[in-house]
Structure formats: C-alpha cells, structure tokens
Amino acid sequence: MNIAANPVVEADQTVYLKDYQKPSFLVESIDLDIQVYDDYTHVLSKLVMQRQTAGDLVLLGRDLELKSISLNGKPLSESEYKLDSEQLVIANAPEHAVIETQVIIHPESNTQLEGLYQAGGDLFVTQNEPEGFRKITFYPDRPDVLSVFTTRVEADKKFPVLLANGNLIEAGEAGSDRHYTIWQDPTKKPSYLFACVIGDLAVMKDHYVTSEGRNVALEIYAEEKDIPKCRIAMEALKHSMQWDEEHYGRAYDLDNYMIVATSAFNMGAMENKGLNIFNTSCVLADEEFTTDAAIMRVQSVIAHEYFHNWTGNRITCRDWFQLCLKEGLTVFRDQSFSEDLQSAAVQRIDDVAVLKGHQFPEDSGPLSHPPRPDHFVEINNFYTATVYEKGAEINRMMSTLLGREKFRAGTDEYFKRHDGQAVTVEDWVAALTAGSGIDLSAFLTWYNQPGTPKLEAQGEYDAAAKTYRLSFKQSLKTHPKYPNLKAVPIPVALALFNAETGEQLTLNSSVLFENGVKDGVYLFDQDQASIEFSGVEAKPVVSLLRNFSAPVNLDFNYSDEELAFLMQYETNGFNQWQAAQTLLERILLNDHASEIYVQAMQNTVPDLINKDPLLVSRLFDVPTEGYLGSRIDENYNPVLIQEKRNALLSQLALAFGGFCKETYLALDPDSQKEFSQAMGVRALKNIMLTMLARQGDTEAFDLAHQQYQSTGNMSERLGALRVLVWNDAPQAKATLEDFYARFKDEALSLDQWFMVQAAHPNATAETLAYLTSHSDYDLAVPNRIRSVSGGLNANPVNTWSFGVQHFIQLAKYLDEKNPIVGSRLLQALSRWYTLAEPQRSTVKTELEALKPQVKSKNVVETLNSMLNV
Ligand code: TRP
Ligand code: ZN
C-alpha cells in the first residue's frame, strides 16, 4: 500500500435540486430544554418521530457534544448509531421513534452568529435560518419537517428576559439564582423558525386588535437607552398588520408578537415565528440618530418580517432551492407596502436602483444564478440580490399582468391550498394560475434561468398609414451551467406621447393586453414580435418599460432629444428618472454630449421643485461609479470613469449657478407636513449644498457648518458633514471630532462616522488603516465592518487599489470567525476580471493567493466561482 501518495480527495459538496427526497421521518412534536450557563449551554430534547418513507433516521448536528441519546426510552450505545461531524444516523429505526438527546454547546464562544450565540455581555440570541438549528440540537433540520415546539429556557436571574416562540405557559424559579420559562408554539413550523432569547433588555409595549378580533400584545425588546428609538418600528408594525389584512386578507394568528434588537447580527432581520430577531440597524429609528433612508429601511424591514408570517411561516419552502418562493414574494409585498409610505414613483426608483446596482451586476458576472438555483455548495451564499430582488420582480410582473383583483384571487387560492405546508415555486405559480384563471406557467422560466434578458426594441412611424410599429426581440447571454435558455414572458408597460405638445396619446392597438392597470401593458413572450398602433397622427415619442415593468436591459434607439423629452413630459415619475439615467449612461459610458441632459434638467427641475421635492431629489441621481463600472465588461478603468463623472457633476453644478444657493436657502423641511416630503426637501437641500461646493463656492462650507450645528436631524447633520469631509474643508476635522463626541455611545450613528471617512473619494491606505485600527472598530460586529467596507466600496478607484488587500484580509480573517459575512464581503471583488491590465492580473494573483488560505464552504465556494470566469 502506498501511504505516501494518499491524496486527500475532497468530496464534491454540491447539493442538487433534482436529488430532493422526502424525509424518512417526520417530527410530531419537540420538547426543548435550553439551560444557559456562563461557559456552556446544556440542551435536552425529546423528538416524537413517525416514519413517513423507507430509509434511515437522520438527525443533523454540527459542533454538538453528545452526552446521551435514547430511542424509545432505551439508551443507545455508540454502536447503535453512526455519528460524524454533520449527522447522526440510526439505521432500522422503528415506525414510531421517540429520541431523547442531551448535548453541550458553546454559545459564549460562537463568533459565527449562527445557531445560539452570545450577542454581547447580557444577551444570547438564535439565528437558525437556514441551517443554524443543527448547531443547537440533533434534528432533521430541513424546512419540510414541520413540528410543534415546546421550549423551556433556563438561565441565571441576571438575565431577566427569557423568550421563545409562541405562548408563555409557565415561569418559575430553578434554584435560588436561576429561573425559567416555558413556551408553546401552537402552529407547526420548520426548525429554521425556532428562536429563543436570553438577556437583560428593556421593552416597549403596545397592542393591536386584528380584523378577526384578536388582541395581540406587541413587544419590542432593546437596550434601555434605545427604547425611545423603537416608536417608529412599533408604528410600522401595526401599520403592516393592518396592511396585510387589507391587501391580502391575512390576519395575525398568535396572541403576541415580539421583536428583539441586537447589534451582533449577520443580516437585516429574521422572521422567527412570533419572535423576530432584528439587527439594531433595522429597528432603531429616530430623526436625531438615524438618517431618513435608514428610517425608511426600518419600516420596510419591519413590514418584510411581519409579512413573512404568512409568506414564509404559515406557508414555507419545501427545500432551500425554493428560497425565492418566500423571499421574492415577501420583498414584493414589502415594496408594495413602502409605496404607500412615500410616493410610489420614488419607491420604485429606489427599488430599481437597488436592482440595477446590485442584482444586474451579480447576474452578469461569475456569481450569476437563477432566482431558483438548481445546485449549490453553501446555501448561505444564496441569500442574494437575485433571490430577493429578481424574485420580487417576477412576482411584480405576474401581478402587473393580472391586475389587482385577479392577483388577489390568486394569492387567496395560494393561502387556501397550502396553509401549513412546505411548498415549491411550481405550487405558487399553479395556485396563482388557478385563482386568477390566467395561465402563468410561462413565468416559471424566469425562476429557472440566470442572466438579465436583453430587450431590443425598434419604433417605426409610417406617416402615410398613420401607424406606429414597435418591434421587439429578446436574448440572453449563454451560461455554462444553465444551457437551454428560453424566451421569457416580458410585460412591457408603455405609453406614446405627442412629440409637439407632450400630451399622452390614447393607445389604439388590437394586440395590446388590457388588464385594468392604468398603463397599457404588452406581453411580449416570443423571441421576436411586433405590435402596431393605428391612428397616430404624427411621429410619437414612446416611453417603454414604464415603472420598470420587467427586469430587463432595454436597448431602444431613442435619440438623446427623445430622452430629454421624456424627462420633461413623462407623467410616470419613474420613467422620468429612467430617461435621465439612460441619458447619463450614454454620456458617461458612450461619450455622448452632456448639454442636452443639462438643459433637460434645467427645464424640468424648477417647475417640479415645489410640487414633488422628493422626486426632484432623485432626478439629480447620477449613476454611481460602481454602477457605471458594472456596465463595462472589459478593460474597465475606474480612474477614467471617476474623471468623467466628476466632470459631468461639475458641469451640472455650474449650469445651475445661483439656483443652488437660492434653492438651498429657500427650502425648509420643517414646513412640510408629511415625513416623506420633509425627507425630499432634506435630500434636495443636501444636493444643493453639494453642488454649491462643486461650484467652488467656499461659502458652501460655512452653510454646511451652520447646518451641521443648528440641526437636530441626522440626515441634515450627516449631509453637512459629508460636504465638509469630502471636500477637505477647513472645518472638517473639528466637525468630525464633534460628531464623534456626540455619538460615540450610539453604535449606529458611529457607523456613519466611520462610513463618511471611509467613503472619502480621496481616502488612502492610511485613512483605512486609521479607521480599522480605531478603538471603536470591531471585527465582531458586522455592522461596523460593513460601515467601513461599504464606505470604501463607494469609490471603485479605492476598492481596486488599496481596497483589494482590505477585502482579501477580511475574507481570510472571517473565513474562520464568521464565514457568512466573509463570503459576502469578498464579493466586492467579483468583477476583477473586467479590469484593464495590469490591474486585472494583480487582483487575480491576490485572489489566487487567498485560495489555499481559506477553508469554509462559504468563502471557498465564492472564491472558486469568482476565479472561474
Ligand atoms: N429570512 C431573513 C429575511 O429575509 C434573512 C436571513 C436569512 C437572515 N438568513 C439569515 C438574517 C441569517 C440574518 C441572519 O427576512
Ligand atoms: Zn425575508
């Protein structure tokens, strides 16, 4: 035997959708007893299991120290089961099996923030989606195993708050220093929705009476000093509960709803049944400490997690390939909710900006995958913009096509058919089809294919016949892992305008799909097709993809003048914005002249400024350097893009001349009645201030300094600070110090302090070293890491120079400490291959050097995909 040549053959760890098999055992009930001590936690569990199909009894478990196990009351010896680092397998188990286990776990040293972990000195929380529960106890930890949970939680009395899902049925003492509670959750749920919390927290209480008459106790738990910052979240929660009753006929189903805030959290928030756990950044909101954008995000995440109660919890996913079933639908629902909080057009602009800024680049690079992938190595790597945002777009398209009433009939059918079940994307589309009476099965293709379709369109006017013909063509980039790409159904919302007067024409076409929505929607579902409008008196201007009716890359031969026309005359605010963005892309990427754009802004802005300041603030959006970079597939030179963009911004600022100062001085957020309008005015004021500084007017610094000093509002304070810091104003240093002194004990505000400095366009390796060695920088808190890394990444020029080592070192460190976050941060470098030489080769070499140094499935899978372009 040749021992020397004993290659370590890595088993292929890929999981495939096609291999799905039903679990051999179901769990009728689980009794958990979780006893937390300072240096370990003892977990006892009793599973009542029933055989469903042939096969071994499989319990998943990771990092568990097994103390004892019994089957139907009889202790099992080591020879009676097989145990490895991932699972415990009992062959030939009887039909009915009661399994009792005792394990020891170590939440106090769990840095991965998955399973049960200590989230600070006086708090323990859980995060079990997708596969964290197996780090708490042995269990068939998969979403198609639904069970009734009873949970006993025991800890030292220094942790007065002991929470778990469901109803509190008992509480008492456990010796002199310890106490316990017992909770019972009446609805069956998968293990990923299990949660418990052990801590010393304060609480804000309220209540809500549902349309069914249930009086629900609402509780938000946070640190004492943060309780006043929970008001906005509480209002948003009640609003969400009512919204889901009105729009989907869904009322809440338990007598209590609890939210717990922690700063030690990998993502935004988690929808555990009746006991959500939130990143503080998605709960705490207060004008003094939080920006307007963050306040909007808090409201939308509160809604998102609440909406999961029906789309995710009552009806869950059969397996993790179906993740976008719950996430895509729930994001669509929270986006619709947010459209009621501010102008619908601006909400759509913000959502599309995220889609185009994150999902489109993801879908055009090495990490591209379908909303429902058919294989993965590490499911945590698939909580992506594609699953969430593109998933939401698919639901939006179907809802656009059906119109409000039919869509509601479809969702009603879904809840009726599948309440209490773990289902698939096919089940969802079938229910929508059955309920609405309209066949939507073609939309399944959207779920199964990667890539952003390219939609080429052409318009032709026939003056003699007075007809206008639109021809469409769709195509998709080939993908090595997903061959057989097919045409997808693309709803194209469109309008025609009179080019002279700017008036919208009444559409006249026999093939136009009329569906009750205001805009005409044409369903284009072939490789090629065309439609014709008759009775068109003169060559019209067409506006396509109104409200971004489909997540595609539109290629239409607009003239720059037509885009300028749409900026001014489109009545759909979203498409005004979209026209500006298209024009800007041409200027910044294809060297079109900028005068037409600047003139269109000057024609559009002054009239609109009092009517809709929020929309105007968005019309000033200029695609970020990162977004522009993502549109370039080879020989990308970040410095060149930065120069062009800066030149355009300066030109715009100069063209607006005295208007900037006048408008800045005239705008008064305090005179606005609605939060959303005040938010718009604040945004606009900050834009005017930034433009003033770009004009080279140093009075801008005095105004900024004044604004900083006199305001109690974070958007105003931060907007002013940004102008000072990014322009290296004389007041910058002292103002940064002032900000630090004011907010050093407010973690989320301090994140902003880190972010502003990291996002300085002229930040250097020294800036970064200063920030990452600051005593308040903390690698155990993802929010803090993200504030610096996210700030840095606001300037691709910096990301692709000294930033490369920053991200690589972080990935290497987090590979062990927190691989979920490490893998996500590394993705900042995923478009390395588009860079011009020699940068491209430099980054490639550095990424390759990382390969032998990482071992988590998370980071390894991401790195392999990134290098495999
Ligand atoms: N299901 C959560 C949501 O979208 C997100 C989530 C998945 C999550 N895994 C997580 C949150 C891990 C925090 C940590 O609402
Ligand atoms: Zn979600």
Side-chain angles (χ1 to χ4, degrees), residues 110-117 119 125-136 141 143 165 189-195 197 233 236-237 240 244 259-283 297-317 319-338 351 354 358-359 371 376 378-392 395 781-783 785-786 814 818-825 858:
N110 176 349
T111 59
Q112 307 194 340
L113 315 186
E114 198 188 25
L116 175 64
Y117 62 94
V125 300
T126 51
Q127 172 54 45
N128 292 329
E129 184 183 1
E131 299 181 336
F133 193 70
R134 65 190 64 184
K135 296 171 77 174
I136 296 176
D141 183 19
N165 321 78
K189 66 168 175 288
S191 50
Y192 81 88
L193 291 173
F194 170 80
V197 172
L237 176 58
S240 309
D244 213 16
I259 292 175
V260 175
T262 173
S263 55
F265 210 65
N266 281 345
M267 305 214 224
M270 180 62 213
E271 70 263 23
N272 317 301
K273 183 77 191 185
L275 177 54
N276 290 180
I277 299 180
F278 268 63
N279 190 321
T280 43
S281 71
C282 296
V283 198
R297 176 159 163 78
V298 164
Q299 302 182 83
S300 80
V301 178
I302 290 276
H304 180 97
E305 306 311 332
Y306 176 72
F307 295 158
H308 267 315
N309 190 59
W310 278 97
T311 51
N313 301 3
R314 288 288 290 251
I315 304 181
T316 193
C317 302
D319 55 72
W320 290 119
F321 294 103
Q322 319 295 328
L323 179 60
C324 73
L325 169 70
K326 76 176 176 80
E327 295 306 342
L329 178 53
T330 305
V331 171
F332 172 61
R333 277 149 54 71
D334 84 57
Q335 290 178 348
S336 313
F337 170 83
S338 295
D351 291 334
V354 172
H358 297 280
Q359 198 279 322
F376 60 73
E378 169 55 64
I379 182 58
N380 271 298
N381 283 336
F382 286 81
Y383 286 77
T384 58
T386 296
V387 167
Y388 278 67
E389 262 62 52
K390 189 174 180 180
N395 292 306
V781 180
N783 288 353
I785 304 177
R786 282 189 284 255
L814 292 171
N818 187 337
I820 293 177
V821 171
S823 167
R824 297 175 85 84
L825 288 168
N858 311 58

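Quick caveat, the model's predicted, so the values are computed rather than measured. First listed ligand is number 1; within each ligand, the first listed atom is number 1. This chain uses plain numbering: 1 for the first residue, then up along the sequence.
Side-chain contact annotation: N783 with N279, donor-acceptor N/O pair under 3.5 Å present. Side-chain N/O atoms of N266 and N818 include a donor and acceptor closer than 3.5 Å.
At under 3.5 Å, not a single nitrogen or oxygen of N380, backbone or side chain, sits near a nitrogen or oxygen of ligand 1.
Within a 6.0 Å radius of CZ in R314, more than 12 heavy atoms belonging to other residues, nucleotides or ligands are found.
If you check which protein heavy atom lies closest to atom 7 (C) of ligand 1, you get Y383 CE2, 3.2 Å. Scanning the protein for heavy atoms near atom 6 (C) of ligand 1, the closest one is E129 OE1, 3.9 Å. In this structure, the protein non-hydrogen atom closest to atom 12 (C) of ligand 1 is Q127 NE2, 3.3 Å. Scanning the protein heavy atoms around atom 4 (O) of ligand 1, the nearest turns out to be Y388 OH, 2.6 Å.
Backbone or side-chain N, O or S atoms of E271 do not reach the Zn ion (ligand 2) at under 2.8 Å.
Within the listing of ligand 1, atoms 3 (C), 4 (O), 15 (O) sit less than 4.0 angstrom from a heavy atom of H304. Taking every heavy atom of K326 and a limit of under 4.0 angstrom, the matching atoms of ligand 1 come to 1 (N). Using a 4.0 Å cut-off to heavy atoms of E271, the atoms of ligand 1 that qualify are 1 (N), 2 (C), 3 (C), 15 (O). Numbered from 1 in the order shown, with element, the atoms of ligand 1 that lie under 4.0 Å from a heavy atom of M270 read 1 (N), 2 (C). Atoms of ligand 1 lying under 4.0 Å from at least one heavy atom of A269, given by number and element, are 2 (C), 3 (C), 5 (C), 11 (C), 15 (O). Annotation for ligand 1: atoms under 4.0 Å from non-hydrogen atoms of E305 are 3 (C), 15 (O).
The distance between the ring centers of F376 and F321 falls below 6.0 angstrom.
Nearest N/O/S atom of E327 relative to the Zn ion (ligand 2): this is OE1. The minimum distance between the Zn ion (ligand 2) and any N, O or S atom of H304 involves atom NE2.
Distance NE2/H308 to CG/N313: 7.5 Å, rounded to 0.5 Å. With rounding to the nearest 0.5 angstrom, the OG atom of S336 is 9.5 Å from the CG atom of N395.
Considering N381, L814, N858 in turn, N858 is the only one that fulfils the side-chain contact (heavy atoms from CB on, under 4.5 Å) rule with I820. Among the candidates E327, K326, R333, E271, the single residue satisfying the side-chain contact (heavy atoms from CB on, under 4.5 Å) test with T311 is R333.
Between D141 and K135, none of the side-chain N atoms (NZ, or NE/NH1/NH2) sits under 4.0 Å from a carboxylate O, so this pair counts as no salt bridge.
For the pair R824 (side chain) and Y383 (backbone), a donor-acceptor distance under 3.5 Å is present.
In this structure, E114 has no heavy atom closer than 4.0 Å to ligand 1.
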